[in-house]
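Here the structure is laid out as structure tokens; the discussion comes afterwards.
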Amino acid sequence: MSFLSISGVTKRFGGVVANRDVSFEVAPGELVGVIGPNGAGKSTLFEIITGFYRPDEGEVRLEGTRLTGLSPDRVCRLGVARTFQKLRPFPAMTVLENVMVGALTRTRDVRHAREHAREILERVGLGDKAHAHGRTLSTGQRKRLELARALATRPRLLLLDEVTGGVDQGSIPGLVRLVRELHRDGLTVLVIEHNMRVITAVAQRIVALYLGEVIADGPPDVVARERRVVEAYLGQAYAQ
């Protein structure tokens, strides 16, 4: 049985089809990259997996349990967490308190949530920022905070939406190393990423979307040379 199964997922917004018959599976412990140009339907697919959107057709299952139709908080409690492209830490709260919000999805014990949040902050390299306010962090640090909040929920499946997007070039290698470490520790990971150098460096497999449809699925080096993928990113003239 696959760990994550996405079967025939279609999502429409009026006359716009964001996802069209999207199907693929993710094995336990796999790190899969999801690529595609803007408007390909990548983030919409993440919204469907995590319960923010309900598909018009198809379903999503985690270890055989149907996620489709469940609320986001229920999906989270089943072991699915995600990060977002738009970074919105709670501005009036400290970095530690931001991460405690995630930890409190698993426990009502505030002391235990605080201890777990501290451990996660050390793990993502923000231990020295625990008492700073979220609004004072750099973009790269906010990316790590976003990741820490997701990890605090103790996920089995982690969805990363543009984890290196918008950060300075010097911050990217550290974020890539962190994703690799989390994967090595046993997390199953789906990563949306525009930076092909990053995605080919971390992913074991890539699923490419274009206009809401899967146009390629396979090893990174193979997908990166796929004609339809090159056309989607660079235009037909580059796919000769």
Side-chain angles (χ1 to χ4, degrees), residues 1-27 30-76 78-86 146 150 155-165 188-196 198-199 202-220 222-224 226-236:
M1 181 183 295
S2 68
F3 185 70
L4 176 70
S5 177
I6 299 168
S7 305
V9 165
T10 296
K11 179 62 181 177
R12 304 179 185 88
F13 296 97
V16 177
V17 181
N19 291 138
R20 187 191 304 273
D21 195 26
V22 174
S23 297
F24 63 90
E25 297 188 349
V26 178
E30 195 172 16
L31 198 164
V32 178
V34 180
I35 67 170
N38 290 333
K42 306 181 298 299
S43 292
T44 298
L45 183 62
F46 271 23
E47 302 281 15
I48 289 171
I49 295 171
T50 53
F52 286 91
Y53 292 151
R54 184 164 187 162
D56 296 299
E57 299 169 24
E59 66 174 14
V60 177
R61 290 182 177 268
L62 183 72
E63 289 188 313
T65 298
R66 194 172 191 266
L67 301 184
T68 303
L70 300 182
S71 62
D73 63 301
R74 178 62 179 149
V75 173
C76 178
L78 287 172
V80 182
R82 68 164 294 185
T83 65
F84 295 83
Q85 289 184 44
K86 294 183 179 179
E146 183 80 2
R156 295 180 294 145
L157 172 65
L158 180 63
L159 280 61
L160 304 177
D161 197 344
E162 299 283 358
V163 69
T164 67
T188 303
V189 185
L190 270 180
V191 183
I192 290 175
E193 185 58 63
H194 275 292
N195 189 321
M196 285 297 289
V198 168
I199 203 67
V202 300
Q204 298 171 310
R205 177 175 139 230
I206 289 178
V207 175
L209 297 179
Y210 182 57
L211 298 179
E213 298 182 11
V214 175
I215 60 171
D217 182 349
V222 174
V223 171
E226 176 73 32
R227 180 184 178 88
R228 292 188 68 189
V229 174
V230 175
E231 287 180 355
Y233 269 101
L234 300 174
Q236 201 166 25

Counterpart residues, salt bridge (Lys or Arg N to Asp or Glu O under 4.0 Å), relative to E162 (two or more places apart): none
Return the set of residues passing salt bridge (Lys or Arg N to Asp or Glu O under 4.0 Å) with E193 (not counting sequence neighbours), or none when no residue passes. none
Any donor-acceptor pair under 3.5 Å linking the side chain of [X] with the backbone of [Y]?
| X | Y | result |
| --- | --- | --- |
| S23 | G8 | yes |
| D161 | I192 | no |
| T68 | V60 | yes |

Are the side chains of [X] and [Y] in touch, meaning some heavy atoms are under 4.5 Å apart?
| X | Y | answer |
| --- | --- | --- |
| L159 | T50 | yes |
| R156 | E63 | yes |
| L78 | L70 | yes |

When rounded to the nearest 0.5 angstrom, what is the spacing between [atom1] in [X] and [atom2] in [Y]?
| X | Y | atom1 | atom2 | value |
| --- | --- | --- | --- | --- |
| F46 | F52 | CZ | CZ | 12.5 Å |
| E25 | S7 | CD | OG | 6.5 Å |
| S43 | K86 | OG | NZ | 10.0 Å |

Looking at residues at least two apart in the chain, or sitting in another chain, which of them share a side chain to side chain contact (heavy atoms under 4.5 Å, CB included) with [X]?
| X | value |
| --- | --- |
| N38 | H194 |
| A224 | M196 |
| A40 | P37, K42, L209 |
| P219 | D221, V222 |

For [X] versus [Y], what's the shortest heavy-atom pair and its separation?
| X | Y | answer |
| --- | --- | --- |
| K11 | I48 | CB-CD1, 3.7 Å |
| V223 | A208 | CG1-CB, 4.3 Å |
| T188 | V26 | CG2-CG1, 3.6 Å |
| L157 | L62 | CD2-CD1, 4.2 Å |
| P55 | G58 | CG-O, 3.7 Å |
| A232 | Y210 | CB-CD1, 3.6 Å |

Qualifying salt bridge (charged side-chain N to carboxylate O under 4.0 Å, His left out) pairs with a residue from residues 207-220, counting only residues at least two apart or across chains: R20-E213, R205-D217
Given V207, I206, I215, the one that forms side-chain contact (heavy atoms from CB on, under 4.5 Å) with I35: I206
Please name the residue in the list T83, V34, L190, L31 that meets the side-chain contact (heavy atoms from CB on, under 4.5 Å) test with L160. T83
Please enumerate all residues that pass side chain to side chain donor-acceptor pair (under 3.5 Å) together with [X], with sequence neighbours excluded.
| X | result |
| --- | --- |
| T10 | none |
| R66 | E59 |
| T65 | none |
| E57 | R12 |

Contacts of Y53 meeting ring pair (Phe, Tyr, Trp, His ring centres under 6.0 Å) (sequence neighbours excluded), chain-then-number -> F13
